[in-house]
Amino acid sequence: MLQVSEIRENIEAYKKALKKRGFDQERLQSLDRTIVLDDQRKSLQTSLDQKLAAINAHSKEIGMLYKSGKAQEANAIKDQVSVLKTSAAKEEEAMKLVKEELYKVLLTIPNIPHDSVPDGLTEEDNEVYQDWSSDLPDLGDHAKPHWELADVYNLIDFKLGVKITGSGFPLYRGHGAKLQRALIQFFLDEAVAAGYEEVMPPLLVNEDSARGTGQLPDKEGQMYEMERDGLYLIPTAEVPLTNIYRDVILKESDFPQKVTGHTPCFRREAGSYGSDVKGLNRVHQFEKIEIVQIAHPDKSYDVLQEMLKHIESLLIKLELPYRILRLCGGDLTFTSALTFDFEVYSAAQKKWLEVSSVSNFLTYQSNRLKLRYKGENGKTQLAHTLNGSALALARIVAALLENNQTANGIKIPEALKPYTGFDVIK
RNA sequence: GGAGAGGUGGCUGAGUGGCUGAAAGCGGCACCCUGCUAAGGUGUUAUACUCUUACGGGUAUCGGGGGUUCGAAUCCCCCUCUCUCCGCCA
């Protein structure tokens with residue numbers, strides 16, 4: 001959520017930037033609306049505070065009068081107080097409504113895109129920030145898509161997943177299961193080596209946490225909900241990992257905070273269908289290793305680059321063809337100011353599959369999280385949050401299977417062999 | 001799931017209707033002093049909102065919400081979390 005004070009100071013620049021997200025004049029007016037509402041809020045606040053101050057003063061007076069036995073005078077003041085109280089209550093109600101309205105409007109305003117975010121409304125307009133430099137692998141026409149390979153080598157049983165749960169819940173078995181475990185271990189080890197603290201968080205989160213990272217109230221349709229207990233299955237480890245820092249005030253020397261964790265991720269993906277959801281391309285449950293950093297505002301874009309490098313190094317070690325996209329305004333997540341997507345080439349499907357998304361949220365999340373730090377000057381201000389996948393398993397597995405298929409089985413990349421314990425899947 | 005006890009500032013811990021935004025101690029910070037020196041002294045030390053050029057005010061907050069009252073950390077109700085005992089259990 002943006003801060004009204006920031007909107008106030010930068011309104012023209014913000015409006016210009018929001019046009020990249022396809023905001024028309026009408027939607028841009030919501031920025032002006034926040035300022036109007038905030039002004040109303042302030043004047044109500046001031047007036048209400050004055051009334052409360054008067055009430056407090058009178059109450060003290062009444063106490064004194066009773067003590068000195070002047071009950072009659074005290075009772076006279078009581079009447080005055082009750083008048084004040086009625087009017088204060090009215091003002092309080094009015095202020096509550098204004099605040100609710102302001103909150104509602106703020107929820108409709110996404111993060112302000114960074115200068116470098118390209119114009120454009122669809123994924124077609126994403127900028128190829130870094131392309132795969134050599135030829136893409138060509139496996140010929142006999143190459144099998146990963147769901148066929150998974151079947152041939154008995155790695156993943158989609159049918160059993162359907163039987164046990166439903167579609168989109170694959171059951172990994174044998175070498176397929178081991179490959180998952182190897183990748184998880186590999187990614188975690190790499191993250192720890194890069195200075196992230198490993199954590200194993202809860203997989204269910206409460207409403208406050210879901211709100212803190214912005215899954216509520218706008219994206220609740222994406223999460224599985226345990227209504228009876230008021231809990232949500234996490235759609236990404238971003239939620240528990242970032243909420244570690246909810247209501248926290250860091251010291252400047254605490255930066256940077258780096259945490260990583262592996263969790264299953266649960267997504268309803270309601271309304272998805274077709275070839276996009278075939279095999280592992282889009283599932284309701286998948287494993288992901290997430291990296292999260294809390295950064296000083298001056299450093300967050302450097303941190304973003306550092307995270308980019310880390311993720312890139314993983315793909316290089318896995319020997320997968322990849323490219324990096326800088327998302328255009330229309331494709332940018334609501335809460336992000338700048339996002340890079342990583343895609344790997346899946347050689348049998350001849351498709352680029354998204355395996356990671358790295359974003360700088362600036363203060364958009366920390367404002368709701370109340371994640372702050374105390375600066376050198378003693379002032380408390382909002383910190384910046386960033387996160388990225390490093391990496392999401394399902395699609396990595398898809399690409400690994402497809403790209404490494406040979407007549408003699410599926411080869412395991414060198415870096416992964418110590419983790420799988422086998423060189424090839426036959 | 002049942003019974004009981006409790007949630008106060010960075011921490012420990014006082015506080016049962018008004019002078020308590022909150023004693024005391026510890027910790028932190030600043031300054032001072034110094035042949036008792038891994039010591040001593042003095043001051044300071046929450047967050048948010050708001051008014052003010054500034055100095056400095058005001059309001060709210062003692063787990064959360066509601067209520068009683070002129071006035072609540074203190075009384076009442078609901079919720080939540082923690083601890084102890086019982087039950088259940090990987």
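The sequence lines fix the lettering, A, B, ..., with proteins before strands; numbering per chain opens at 1.
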Begin with the C-alpha distance, continue with both residues' side-chain angles, and end with the deciding distance and a verdict on salt bridge (charged side-chain N to carboxylate O under 4.0 Å, His left out) for A:E207 and A:R211.
CA-CA 6 Å; A:E207 257 180 57; A:R211 212 190 320 279; 3.4 Å; yes
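Within 4.0 Å of A:I77, counting heavy atoms only, lies no atom of the nucleic acid at all.
Comparing B:rG28 with B:rU80, their C1' atoms are spaced 32 Å from each other, to the whole Å. Of the P atoms belonging to B:rG64 and B:rA73, the separation is 12 Å, rounded to the nearest Å. Taking atom P in both B:rG25 and B:rU45, one finds a spacing of 15 Å when rounded to whole Å. To the nearest whole angstrom, the two C1' atoms, one in B:rG17 and one in B:rG71, are 8 Å apart. A gap of 25 Å separates the P atoms of B:rC76 and B:rC83, to the nearest Å. The gap from the P atom of B:rG21 to that of B:rU74 amounts to 13 Å, rounded to the nearest Å. When the P atom is used for both B:rA60 and B:rG67, the distance is 16 Å, rounded to whole Å. For the P atom pair drawn from B:rA22 and B:rC62, the interatomic distance equals 14 Å after rounding to whole Å.
Distances shorter than 4.0 Å separate none of the side-chain N or O atoms of A:K374 from OP1 or OP2 on B:rG28.
Note that NZ of A:K144 is 12.5 Å distant from CG of A:L401, once rounded to the nearest 0.5 Å. In this structure, CG on A:L400 lies 9.5 Å from CD on A:E319, to the nearest 0.5 angstrom. Taking CG of A:N367 as the start and CD of A:Q365 as the end, the distance is 11.0 Å to the nearest 0.5 Å.
A cation-pi geometry, defined here as NZ or CZ lying under 6.0 Å from the six-membered ring centre and within 45° of its normal, does not hold between A:R21 and A:F23.
For A:H175 and A:F422, the distance between ring centers is under 6.0 angstrom. In this structure, the ring of A:F340 has its center less than 6.0 angstrom from the ring center of A:Y129.
The interatomic distance linking A:D208 (CG) with B:rC81 (P) rounds to 12 Å, in whole Å. Straight-line distance from the NZ atom of A:K370 to the C1' atom of B:rA48: 9 Å, rounded to whole Å. Atom P of nucleotide B:rG17 and atom CE of A:M64 are separated by 19 Å, given to the nearest angstrom. Distance A:R372 CZ to B:rA46 C1': 11 Å, rounded to the nearest Å. The separation between A:L102 atom CG and B:rC49 atom P is 13 Å, rounded to whole Å.
Annotation: salt bridge (Lys or Arg N to Asp or Glu O under 4.0 Å) contacts of A:D38 (sequence neighbours excluded): A:R8, A:R41.
Taking every heavy atom of both residues into account, A:T385 and A:L369 meet most closely at CG2-CD1, 4.4 Å.
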Distances under 3.5 Å between protein N/O atoms and the N/O atoms of nucleotides 62-73 of chain B, please, pair by pair.
unit_1: B:rC70; atom_1: O2'; unit_2: A:S59; atom_2: OG; d: 3.1
unit_1: B:rG71; atom_1: OP1; unit_2: A:K85; atom_2: NZ; d: 2.4
unit_1: B:rG71; atom_1: O4'; unit_2: A:S59; atom_2: OG; d: 3.4

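Within residues 37-48 of chain A, the residues that have a heavy atom under 4.0 Å from RNA chain B are, in order of number, A:R41, A:K42, A:Q45, A:T46.
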